[in-house]
Amino acid sequence: MRFLQSLRREWLTNIPTELLSGVLVALALIPEAIGFSIVAGVDPKVGLYASFSIACVTAIVGGRPAMISAATASTAVLMITLVRDHGLQYLFAATVLMGVIQIVAGALRLGLLMKFVSRSVMTGFVNALAILIFLAQLPQLMHVGWETYAMVGVGLAIIYLFPYVTKRVPSALVSIVVLTAFTIYSGIELRTVGDMGELPSSLPFFAVPQVPLNLETLKIILPYSLTMAAVGLLESLLTASIVDDMTDTGSNKNRECVGQGLASFVTGFLGAMGGCAMIGQSVINVTAGARTRLSTFFAGAFLLFLIVVLGDWVKQIPMAALVAVMIMVSISTFNWSSIVSLRSHPLSSSGVMLATVVVVVATGDLSLGVLAGVVLSGVFFAAKVARLLGIITELSEDGREITYFVTGQVFFASSNSLVDAFDYQDVPDRVRIDVSDAHFWDITAIGALDDIVLKLRRHGAHVEVIGLNEASATMVERFGTHHKPNVRQKPAH
């Protein structure tokens, strides 16, 4: 019964909307897959077959319903050197190994690492992708006639106005159909999908990559596979989180890692390149009303049907129609409220968001931007928590005993402040360190406590540490030295 409920929820809800969304996504995937193939230096069919395979496999085994995965620019750029220096078969082998690495990552539950990506990094990631999506359309708008600009304008008008007529049919799909029909019957000379590259005319088939199965091959493909696996998972998990927010639903990040891995593994044996989740197509899918795995699966299956069976018709789709759709995606993806929030949000949060955007747009590398954002978030957080450390002293009436009351979090960023807060020159006979309101987080903090106690002892004081909570006491017992007998101490000068 539970299986049937899950099947209905993930596959059989609002079927007409899911199928129409899949059709729209399939049309939007074609020029992107061809373009990414060109970037990687391979035949267009390598990217098109990849988009079909990855979308269908992740629809079944992935952890995020309604998310679209296919051939992407972020993974394509990583393949250029491998294809150029070693050939296409090594790319297929690297894609298979990429899948194995991602499956292992899912088994090790590395999807939990998404917890360390802050909201500011997520916002920066989204905004950077929106900018990259828009910039990717500019080549289609350069050195063209006024007809192209007019068609893009009409396409955007249909996309934004048609929902006032009905929302049962995705307005972006209506825009593509109308502009294509007008282009065909009017005879206007416009750049079309067929100008992007030759579409395949046959189905993909299973084949083992023709590479030597030896250690030398592994040495060649392993660095590429590791990089593609890491970038693919990073973009997929971030996209999954974005779709979670857009749909107010959750996803299984570890299952998504495994799903992406299985998709890459299968794709490598179908003579295609690796890929990952696509924010642009995912936004198209969700905006069109899709919420289940059916839309993702149908997008991949219909893509194959389009290029193999309806290739002659697909070639006539004007690029202006698809550019209009992607501009809409760019506008919808960008978090416009984040601009207004720059004035009200903390400076550190705004800095993290802007740094993520700048690095991604400047380098075109999503992983570098996210890494920069995560590192900055960690630095700002550590600095903020470190400032919460407080030390108050209380000297006895006879001046022979002093108590230090420590409050706050003691870790690598605040340990030096703790050490510097103690007076090591005028030391009374007895020193009591009360840490009832403090917590020691790491070995750096324990080392700082050791330094304090041993320095005070070198000046002849009897030192007592009181109030350690259970976790801190365990850390001191395992890693501390000041409480152990026969600890060597240098005499005070």
Side-chain angles (χ1 to χ4, degrees), residues 104-118 121 253-254 348 371 374-493:
V104 171
L108 294 176
R109 303 181 64 81
L110 295 186
L112 296 175
L113 293 176
M114 281 302 298
K115 294 181 178 180
F116 298 99
V117 179
S118 68
V121 176
K253 302 300 189 297
N254 293 313
S348 59
L371 178 62
V374 170
V375 170
L376 278 179
S377 295
V379 170
F380 289 143
F381 175 77
K384 183 177 181 179
V385 175
R387 290 196 296 268
L388 300 178
L389 183 71
I391 297 95
I392 301 175
T393 60
E394 183 179 286
L395 186 65
S396 64
E397 293 183 0
D398 58 10
R400 300 183 61 183
E401 180 177 313
I402 187 171
T403 302
Y404 289 85
F405 296 94
V406 182
T407 60
Q409 311 302 313
V410 188
F411 62 114
F412 65 89
S414 60
S415 57
N416 286 338
S417 298
L418 178 65
V419 174
D420 294 341
F422 284 75
D423 182 1
Y424 305 103
Q425 301 304 316
D426 187 16
V427 182
D429 295 338
R430 295 179 61 86
V431 177
R432 178 175 295 177
I433 305 174
D434 189 335
V435 294
S436 302
D437 296 321
H439 187 92
F440 291 77
W441 286 98
D442 55 18
I443 59 175
T444 304
I446 303 304
L449 183 60
D450 285 339
D451 288 345
I452 293 168
V453 173
L454 296 180
K455 284 183 179 182
L456 293 171
R457 284 178 182 171
R458 288 200 297 268
H459 287 80
H462 175 76
V463 184
E464 182 183 8
V465 180
I466 63 174
L468 284 167
N469 59 37
E470 184 177 352
S472 299
T474 301
M475 290 279 288
V476 169
E477 185 64 32
R478 291 185 60 188
F479 305 111
T481 59
H482 70 268
H483 64 295
K484 296 179 181 178
N486 302 322
V487 177
R488 296 180 64 184
Q489 302 178 36
K490 297 180 181 179
H493 294 289

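In this text the structure is predicted, and so the values were computed from the model without any measurement.
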message: So Ile433 and Ile466, do their side chains get closer than 4.5 Å, heavy atoms only?
response: no
message: Just so I know, are the side chains of Ile443 and Arg478 near enough to count as touching, which here means a heavy-atom distance under 4.5 Å?
response: no
Could you give the distance from [atom1] ([X]) to [atom2] ([Y]), rounded to the nearest 0.5 Å?
X	Y	atom1	atom2	result
Ile391	Thr407	CD1	OG1	7.0 Å
Gln425	His459	CD	NE2	5.5 Å
Asp437	Gln409	CG	CD	10.5 Å
Thr403	Arg430	OG1	CZ	9.5 Å
Glu477	Glu470	CD	CD	12.5 Å
Lys253	Leu110	NZ	CG	14.0 Å

query: For residues 384-397, which residue pairs qualify under side-chain hydrogen bond (donor to acceptor under 3.5 Å, both in side chains), counting only residues two or more places apart or in two chains?
result: Ser396-Asp398
task: Name all residues meeting the side-chain contact (heavy atoms from CB on, under 4.5 Å) criterion together with Ser417; count only those two or more places apart in sequence or in a different chain, and write none if there are none.
output: Leu389
statement: Taken in chain and number order and not counting sequence neighbours, the residues that satisfy side-chain contact (heavy atoms from CB on, under 4.5 Å) with Thr444 are Phe412, Ser415, Asp442
- prompt: Does the pair Lys455 and Val419 meet the rule for a side-chain contact (heavy atoms from CB on, under 4.5 Å), with working shown?
  reply: CA-CA 10 Å; Lys455 284 183 179 182; Val419 174; 4.0 Å; yes
query: Who are the salt bridge (Lys or Arg N to Asp or Glu O under 4.0 Å) partners of Arg400, not counting sequence neighbours?
result: Asp429
field: Criterion side-chain contact (heavy atoms from CB on, under 4.5 Å) on Phe405 and Val435, from CA distance to verdict
entry: CA-CA 6 Å; Phe405 296 94; Val435 294; over 6 Å; no
query: Would the number of heavy atoms belonging to other residues, nucleotides or ligands and lying under 6.0 Å from CG of Leu108 be above 12?
result: yes
- prompt: Given the rule in the side-chain contact (heavy atoms from CB on, under 4.5 Å) test, do Asp434 and Val406 qualify, once you have shown the distances and angles that lead to the verdict?
  reply: CA-CA 6 Å; Asp434 189 335; Val406 182; over 6 Å; no
message: Whether the side chain of Ser472 engages the backbone of Asn469 through a donor-acceptor N/O pair (distance < 3.5 Å, no angle test) should be reported.
response: no
query: Could you give all pairs that pass the ring-ring contact (aromatic ring centres under 6.0 Å, His included) test and reach residues 417-443, with sequence neighbours left out?
result: Tyr404-Phe422, His439-Trp441
query: Passes side-chain contact (heavy atoms from CB on, under 4.5 Å), Val121 versus Ser377? Steps please.
result: CA-CA 8 Å; Val121 176; Ser377 295; 3.6 Å; yes
Donor-acceptor contacts under 3.5 Å from residues 445-454 side chains, at least two apart:
from	atom 1	to	atom 2	distance (Å)
Asp450	OD1	Thr481	N	3.2
Asp450	OD1	His482	N	3.1
Asp450	OD1	His482	ND1	2.6
Asp450	OD2	Thr481	N	3.0
Asp450	OD2	Thr481	OG1	3.2

